[in-house]
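So you know, we letter chains A, B, ... as the sequences are listed, proteins then strands, and number each from 1. Given the structure is predicted, the values throughout are model-derived calculations rather than measurements.
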Amino acid sequence: MILINEEQNHKSKILIADDSEMNRAILADMLGDSYEIIEAENGLEAIAAIQKYSIELSLILLDIVMPEMDGFGVLDTMNKRRWIDDIPVIMISAESSPATIERAYELGVTDFISRPFDAMIVQRRVINTILLYAKQKKLMGLVADQIYEKEQNNSLMIDILSHIVGFKNGESAQHVLHVRVLTELLLDALVQHTDQYRLTWSDISGISIASALHDIGKIGIPSEILNKPGKLTDEEFEIMKSHSVIGADILKDLPVHQNEPLVKAAYEICRWHHERWDGRGYPDGLKGDEIPISAQIVALADVYDALTSERVYKPPFSHDEAVKMILNHECGVFNPLLMDCLRDISDTLKASTSEHSLLDVSNSRENRGIVEEMVRHKELAASERTLRLLEQERMKNSFYATLTHEIQFEYTALPAMVSISAWGAQLLGLEEIIMDPFHSPAAAAVMERADMCKLAKKLSRTTPEHPNAQQDCVVTRDGERRWFRIVVRSMWSAESDPHFTGCIGKAMDIHDSRMMLDDLERKASHDALTGLYNHAHAKTIIQQRMDDHPGSSFALVMIDLDHFKDANDTYGHQFGDQVLLYMADSLRQSIRGSDIAVRVGGDEFLIFLEYKQGLEPIIQRIFTSLCGQVEDFHISVSMGISRATGADLCYEDLFHQADQALYRAKQSGRGQYFFYDDSMEATLSTVSPIESNHKSGHSAKKKEG
Amino acid sequence: MTIQECYAALHGDYEDVLNRLRSDRLVQKFMFKFLDDPSYGTLCTSMAEKNREEAFRAAHTIKGVCQNLSFTKLYRSADALCEALRNDWAPNAEALAEAVHADYQATVSAIREFQEAQG
């Protein structure tokens with residue numbers, strides 16, 4: 001896959017950093033069409049371009065005198081970020097003093113060309129430098145490719161195929177993986193026995209990878225047949241058997257890659273992995289070595305794994321039982337040579353079925369291979385391998401990021417710069433690279449500066465041991481303000497006294513879930529009709545308020561709407577609701593910001609307030625302001641008030657006392673208020689179980705209020 | 001007017017530039033491009049504003065471009081101005097800038113004349 005990419009982009013990329021457009025144009029013209037030219041007109045742009053293209057750059061032609069950041073600044077940064085190890089730099093300048101040239105070489109430039117440019121010299125030096133680096137890279141690449149081509153193709157293909165087939169057929173996901181490992185083991189054993197099949201190392205790799213495709217035809221088999229728990233009828237079995245041809249047809253109809261060895265191997269495997277050595281298999285009844293060796297091996301692997309795995313219709317057989325059954329031709333006849341191979345790998349298989357899974361065997365096997373290769377090509381492979389792995393990680397991350405709609409970014413402190421993943425930048429309408437983000441108007445249009453500073457502050461409190469920080473903030477996306485959660489991890493230099501170098505991070509759009517949460521929270525804590533707090537939530541916050549202010553004086557005012565039942569009975573519930581809304585509104589207007597207004601339920605309300613001195617005037621004011629008129633209905637209230645200092649009473653007691661005072665108020669003819677005193681201790685409660693009888697009795701008697 | 005005559009008029013070294021760029025087409029292309037180069041404008045502004053760093057960079061750019069095009073006379077005056085501004089504002093900076101102005105005008109009018117002759 002990587003090879004294909006390289007072929008597509010075979011033009012080497014050269015970065016020309018020079019503040020004069022003329023000079024860039026002259027150089028570009030001298031280099032001609034053989035290169036892809038990227039231009040930067042100052043040092044910061046050069047850094048941004050290096051950050052973006054990284055090792056895709058074959059060469060940098062760097063001017064010294066430039067605005068923003070000069071050529072030496074660029075070299076400094078390239079040294080700090082270790083880019084200078086991978087990307088050759090040719091310095092170009094009219095500055096030709098020996099001190100300048102020496103400094104440039106010290107900072108790691110490969111060559112120095114002074115003005116005026118001579119087309120031939122520029123061309124030759126560029127070609128030489130690129131060739132020199134390319135040769136080295138190619139060597140590294142050759143080794144690395146051999147080792148990792150396998151790994152990369154494997155993981156990707158197997159993942160995809162296991163999922164496709166497994167999706168359709170519950171039991172197959174593991175099976176695909178097992179067959180691959182078995183195929184590889186059998187092939188290794190086979191080449192040790194004979195060279196009659198002329199299998200190269202890459203054939204083995206290809207067949208093993210292609211083995212993952214052996215059952216793709218099953219996606220064309222109806223699920224009822226595929227997953228039928230009982231025995232298949234003859235007719236169903238015929239349909240089931242067609243999966244080998246279906247799979248082969250899928251591959252044959254591929255519009256591209258027909259000549260890829262991998263696709264050819266896959267075709268053979270799909271079509272013929274149910275053929276048998278004696279010609280009694282299907283679909284074509286091929287015999288002996290008419291069956292391609294790839295298909296012979298996968299057929300054996302397939303059978304072995306089917307035997308040793310549990311199926312709906314059978315328990316798993318042990319390794320010994322399975323081998324015995326295969327040798328006895330209970331699952332058809334196989335190539336005798338392959339029977340030898342099966343015996344050869346018996347120990348490995350036995351160990352794997354009893355202790356580890358087959359996949360462990362495969363991993364340790366591959367790792368061993370890799371380690372051996374690494375030792376042999378140590379100095380070449382190390383950096384390339386790291387790059388490959390990084391590239392793989394990057395691919396993975398960006399894949400997951402698109403799935404989860406995350407925006408990934410990286411911040412470097414020197415120079416101050418944010419690079420955003422392509423997808424994220426597009427989403428936010430930003431450039432992928434933002435220089436000096438704290439002063440960038442583009443960045444400020446997306447995220448408020450205050451939030452940036454807050455995040456920076458949190459980041460500054462991180463340490464190498466505790467590098468993570470998080471912040472929720474509003475981000476403007478397509479002109480819409482949405483909540484995002486930003487998670488960052490600070491990065492530190494590798495020295496013994498590490499210093500902050502920047503951070504990596506991601507931003508997730510949590511707007512919908514946050515809105516939902518807010519809504520749920522509001523619903524849970526507020527009364528649906530009036531929008532006041534509900535009683536359950538009020539209890540918690542009132543108790544909290546009392547606990548937090550132990551020295552303060554508090555009052556709890558219970559309020560009951562007089563004759564509310566009449567309003568309901570006479571004018572209907574809709575009117576009743578209107579009265580309640582009117583009450584809630586009056587309550588809101590009669591209290592101060594810090595007071596708490598609550599609908600306890602029905603026509604009962606509650607106010608909790610803190611007071612310094614003179615509670616009575618406050619109560620009087622509230623009492624008066626609550627009276628009013630809704631259409632023909634005259635509103636009056638009865639109130640009971642209890643008092644507490646700090647948390648000397650718990651909420652329940654305070655509530656109980658206010659309730660008793662309210663009862664007294666109602667008993668005394670309504671339309672008035674009472675403060676709780678100890679004489680009321682034994683009285684009844686308005687919210688006690690007998691309340692409703694009592695209340696209705698009252699209101700029936702006093703219709704006029 | 002031929003390109004050689006044009007180079008003679010602006011006191012440049014045609015042979016040298018042709019040796020380096022290796023094609024008349026390129027020489028001509030960049031000569032015309034020189035007319036659009038903003039560095040001279042930047043130099044005038046920054047000299048007027050006494051912005052030493054920017055004036056230095058502009059003079060430096062003009063010098064580099066002239067060097068590449070073998071505009072020898074303008075190259076020399078730009079080089080002198082460059083050195084006069086490199087570390088501080090030398091007393092003769094304004095006088096040297098005047099020389100650059102004169103040479104620049106002469107260079108530009110020679111190129112324009114050649115351009116018109118080309119049609």
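- Interface residues of residues 35-57 of chain B toward chain A, defined by a heavy-atom distance below 4.5 Å and sorted by number: B:D37, B:F56, B:R57.
- For residues 69-104 of chain B, heavy-atom neighbours of chain A at less than 4.5 Å comprise B:L69, B:R86, sorted by residue number.
- Counted within 6.0 Å of CD on B:Q4, heavy atoms from surrounding residues, nucleotides or ligands total more than 12; the atom is thus considered enclosed.
- Here the shortest heavy-atom pairing between A:P116 and B:N68 reads CA-OD1, 3.3 Å.
- For CD of B:E15, the number of neighbouring non-hydrogen atoms (other residues, nucleotides, ligands) closer than 6.0 Å is 12 at most.
- Using a 4.5 Å heavy-atom cut-off against chain A, the contacting residues of residues 18-25 of chain B are B:N19, B:R20, B:L21, B:R22.
- Rounding to the nearest 0.5 angstrom, the gap separating the CG atom in A:D19 from the NE2 atom in B:H60 is 8.5 Å.
- For A:M30, the part lying under 4.5 angstrom from a heavy atom of chain B is the side chain only.
- Atom NE2 of A:H499 has more than 12 heavy atoms from other residues, nucleotides or ligands within 6.0 Å.
- For A:I26 against B:F30, the heavy-atom pair with the smallest separation is CA-CZ, 3.3 Å.
- Remark: A:E431 CD is loosely packed, at most 12 non-hydrogen atoms of other residues, nucleotides or ligands lying under 6.0 Å away.
- For B:K33, the side chain to side chain donor-acceptor pair (under 3.5 Å) criterion is met by A:E21, not counting sequence neighbours.
- To the nearest 0.5 Å, atom OG of residue A:S114 and atom CD of residue B:Q67 are 8.0 Å apart.
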